[in-house]
Amino acid sequence: MAFLLVKVLFKRNGEFSSQHIHDSQAMKDRGIHCVMDQDRELRTKSRFAVSEK
């Protein structure tokens with residue numbers, strides 16, 4: 001944690017990198033999406049899905 005703090009404090013415009021799956025290029029290349037996106041895709045494809053309001 002100390003190394004992350006040093007990076008944020010001393011690097012110009014230092015910030016933590018995003019930990020979300022949809023922001024990772026490696027995950028996009030593998031076709032891996034977050035659970036929310038996968039659920040949304042399945043709801044639109046399935047005729048038995050519950051509609052979201």
Side-chain angles (χ1 to χ4, degrees):
M1 293 302 288
F3 291 115
L4 292 174
L5 179 63
V6 169
K7 178 183 174 184
V8 171
L9 290 178
F10 294 111
K11 183 178 176 185
R12 185 180 304 262
N13 296 326
E15 58 185 33
F16 291 108
S17 59
S18 176
Q19 299 299 314
H20 295 279
I21 291 175
H22 67 267
D23 292 334
S24 172
Q25 186 61 42
M27 294 293 187
K28 288 178 185 177
D29 293 343
R30 291 183 179 103
I32 299 173
H33 307 283
C34 72
V35 173
M36 298 299 287
D37 291 339
Q38 289 177 348
D39 182 54
R40 190 176 303 114
E41 288 172 11
L42 289 174
R43 286 177 187 258
T44 58
K45 291 179 182 178
S46 175
R47 62 184 177 117
F48 298 109
V50 176
S51 63
E52 294 179 352
K53 292 185 179 184

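Side chains are part of it too, since the values below use all heavy atoms of this structure and drop only hydrogens, waters and symmetry mates.
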### Task
Show your reasoning for whether side chain to side chain contact (heavy atoms under 4.5 Å, CB included) applies to E41 and H33.
CA-CA 10 Å; E41 288 172 11; H33 307 283; 4.1 Å; yes
### Query
Transitive ILVMFWY cluster of I21 at side-chain heavy atoms under 4.5 Å: who else is in it?
M27, I32
### With sequence neighbours excluded, residues passing salt bridge (Lys or Arg N to Asp or Glu O under 4.0 Å) with D23
none
